[in-house]
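Report on one structure; see the data block that follows.
Residue numbers begin at 1 in each chain, while the letters A, B, ... track the order of the sequences.
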Amino acid sequence: MDRVLLRRRGDAVAVHEADGTVTEVPADGLPALVRARAGVRWVWDDTTRWYPALLAAGVRVERCADLRLCAAVLRRSPYAGPDPAEDPGWAALEPVTAGDPALFDLADPADALDPVAEDRRQQAVLAASPQRARLGLLLAAESSGALAAAEMTHTGMPWRADVHDRLLTGLMGPRPAAGMRPPVLEELAGEVRAALGTPDLNPDSPAVLLRALQTAGLPVEDTRSWTLERFEHPVVAPLLEYKRLARLLAANGWSWLDTWARGGRFRPVYLPGGVVTGRWASSGGGALSVPVQVRPAAVADDGWCLVVADVAQLEPRVLAGMSGDTALADAARSADLYAGMVDAGVVATRAEAKVGVLGALYGGTRGESGRMVPRLARRYPRAIGLVEEAARAGERGAVVSTLLGRGSPAPGAAWAERDADLGEAPEPGGRDSDRARRAWGRFTRNFVVQGTGAEWALCWLADLRNRLWRLGEGRLGKGRLGDARLRDARLEERPHLAFFLHDEVVVHTPAGLADDVVAEVRAAAGTAGRLLFGTFPVDFPLDVAVVRSWADAG
DNA sequence: CCGCTTTGCGCC
DNA sequence: AAAGGGCGCAAAGCGG
């Protein structure tokens, strides 16, 4: 496959071919060049600096290598090892977003880096890796994720502001003037003030509210809703309702609509590789926590629908695969892994199975979770052994790795942070440091599973992205649009990814292709399983729904 | 006045 | 009923 590197040269772009020849095109000629060369893997410093403009010009890229993201993976990977030859500028390079001043900055730090040398270095590191196949897959998946992320920001999630507005109005009354409370919230605030005998109380202030609650005789140390729920007092009901609505107003109210859901689309900014485990982070709009409450506003365009798919119990299935635990994989043969554990007689109830598995993944030690884990360890020694070993490694300060070779950060500054998080003064005798060590062990325990789960999801997304494109190609070519339109059919005119969150995707598709999309979503999950675990028999069943509104899924 | 931290809560 | 991992965000609070 051709590997062609693009490099900015003032107003032009230098095009470096695999055979070493270099040509230059003016920047505005790039979309045509990229469109003309299907099948190329485009190598560039950072997808966020190249791809949005191509998408805006109607050009979709099939493959790329994102040197920034790949450098970050290699920097920490135990399959690569530290490379003193890396220019530290790569570690300092930040992604950019539209409207970001850095985009228009003449002194973009990316331009001081040498992508040709960096690509050569990365290829050499990969070639020397003892786990070349896995690490190569991870780099490809990470880069593909960068493409998918840019595409989803470009196309956005269909979002009906009118539906969202009706929903808000129905819950809290009409939109108030800036800085005022909506009527229902004002009313609830009044009830809270009356119940506490504090006519001037601002319920938005936790400190003030806490003092008022204590003065009213409630023995609380904080104002969290699950703390309040424990008490019978006239203030509890209106206060909980106030908090629920105030939260919705602040996080996904009218100002969120104004800012993030303009033009009929919600366009979050995804940050691939933004979490140490390899999960994506997001910036702006709170894409990682779109409350169930507002999902009715995500409605497909007329004549289109949403295909919503999520993986049931991704992490325990991934654990079965990476540990080669056939007993756990047997339980995972069931569409409900927890039910599979009950059927196998490991635990008595589904609830026990769930709490036990979560305890194993997160390091739960107390309560029912702590009691369940030893039972699971007897039945699933390889799976539990893998996470226990990851925890022990973290406790002694060692680095752990995902299946494909994403390395955990070394403990160091983070240990000090963890101590600070616990909010306790250092004690002589090492109790705090033991506590920090165990906390780090819980992190590394979870890292290997969460991180490998993120790798599965990346492979799923990458394969699905290509399948959706081809699906659009075939149907548009044969069908309604005809050959002339085919070449010009943009991403947003075909079935496309609209949203992604850890283990869930939403595809926006012409209604007539929905069944094909469902098949492709399932096929892509099969691909991801084989890419990570080969022939090891672990299933990744999906819950899939074809709906008009996101709220109708699940 | 700004910018950072804390609090509380949404998601997987 | 809460616990155990990972996040982002808004408002309030606070220090400079």
Discussion item. Can you measure R435(A) atom CZ to dA3(C) atom P for me and round it to whole angstrom units?
Written reply: 14 Å
Worksheet item: Using Watson-Crick and G-U wobble pairs whose two distances are both under 3.5 Å, how do you write the pairing of DNA chain C as dot-bracket, with | for links to another strand?
Response: ....||||||||||||
Worksheet item: Taking O4'-C1'-N9-C4 for purines and O4'-C1'-N1-C2 for pyrimidines, is dG4(C) syn (within 90° of 0) or anti?
Response: syn
Practice prompt. Please state the P separation for the pair dA1(C) and dC9(B) - nearest whole angstrom.
Written response: 16 Å
Discussion item. Once you apply a heavy-atom cut-off of 4.0 Å, does G285(A) come out as touching a base, just sugar-phosphate, or nothing?
Written reply: sugar-phosphate
Practice prompt. Figure out the NZ/C1' separation between K354(A) and dG4(C), and round it to whole Å.
Written response: 14 Å
Item to complete: Identify whether any heavy atom of N202(A) sits under 4.0 Å from a base atom; if not, whether one sits that close to sugar-phosphate; answer base, sugar-phosphate or nothing.
Response: sugar-phosphate
Practice prompt. Assess R295(A) against W550(A): is NZ or CZ under 6.0 Å from the centre of the six-membered ring, and within 45 degrees of the ring's axis?
Written response: yes
Worksheet entry | For atom CZ of F447(A) and atom C1' of dG6(C), their distance in whole Å | 11 Å
Discussion item. Are the side chains of H164(A) and W254(A) in contact, using a 4.5 Å heavy-atom criterion?
Written reply: no
Item to complete: Using atom CH2 of W260(A) as one end and atom C1' of dG8(C) as the other, report the distance to the nearest whole Å.
Response: 11 Å
Response to the item:
By nearest-heavy-atom nucleotide on DNA chain C, the more 5' of L249(A) and T227(A) is T227(A)
Worksheet item: Mapping V355(A) and D204(A) to their closest nucleotides on DNA chain C, which lands nearer the 5' end?
Response: V355(A)
Discussion item. Any salt bridge linking E186(A) with R193(A)? Criterion: basic side-chain nitrogen under 4.0 Å from a carboxylate oxygen.
Written reply: yes
Discussion item. In this structure, how many angstroms lie between the P atom of dC7(C) and the CD atom of E315(A), rounded?
Written reply: 13 Å
Worksheet, complete the sentence: To the nearest angstrom, the CD-P distance between E229(A) and dA2(C) comes to 7 Å
Response to the item:
Taken to the nearest whole Å, CH2/W256(A) to C1'/dC9(C) is 13 Å
Item to complete: Determine, using ring centers only, whether W460(A) and F500(A) are less than 6.0 Å apart.
Response: no
Worksheet entry | Whether F540(A) and F533(A) hold their rings parallel, tilted or perpendicular, with breakpoints at 30° and 60° | parallel
Practice prompt. Name the nucleic acid region contacted by G359(A), choosing base, sugar-phosphate or nothing; use a 4.0 angstrom heavy-atom cut-off, strictly under.
Written response: nothing
Discussion item. Rounded to whole Å, how long is the line connecting atom CH2 of W440(A) with atom C1' of dG6(C)?
Written reply: 12 Å
Practice prompt. Write down the distance separating the P atoms in dA2(C) and dG8(B), rounded off to the nearest Å.
Written response: 15 Å
Item to complete: Would you check if the distance from the ring center of W280(A) to the ring center of Y270(A) is below 6.0 Å?
Response: yes
Item to complete: Flag the pair E368(A) and R375(A) as a salt bridge only when some basic side-chain nitrogen lies within less than 4.0 angstrom of an acidic carboxylate oxygen.
Response: no
Fill in: T48(A)-D46(A) side chain donor-acceptor pair, cut-off 3.5 Å
yes
Fill in: Under-4.0 Å side-chain N/O to phosphate OP1/OP2 contact, R442(A) with dG4(C)
no
Discussion item. Regarding S369(A), tell me which of base, sugar-phosphate or nothing describes its non-hydrogen contacts under 4.0 Å with the strands shown.
Written reply: base
Discussion item. Between E142(A) and R406(A), does any side-chain N to carboxylate O distance fall below 4.0 Å?
Written reply: yes
Worksheet item: Between atom CG of L376(A) and atom CZ of R371(A), what is the distance when rounded to the nearest 0.5 Å?
Response: 13.0 Å
Response to the item:
Reading nucleotides 7-12 of chain B from 5' to 3' and marking B where a protein heavy atom lies under 4.0 Å of the base, S where only the sugar-phosphate is that close, and - otherwise, the string is SBBBBB
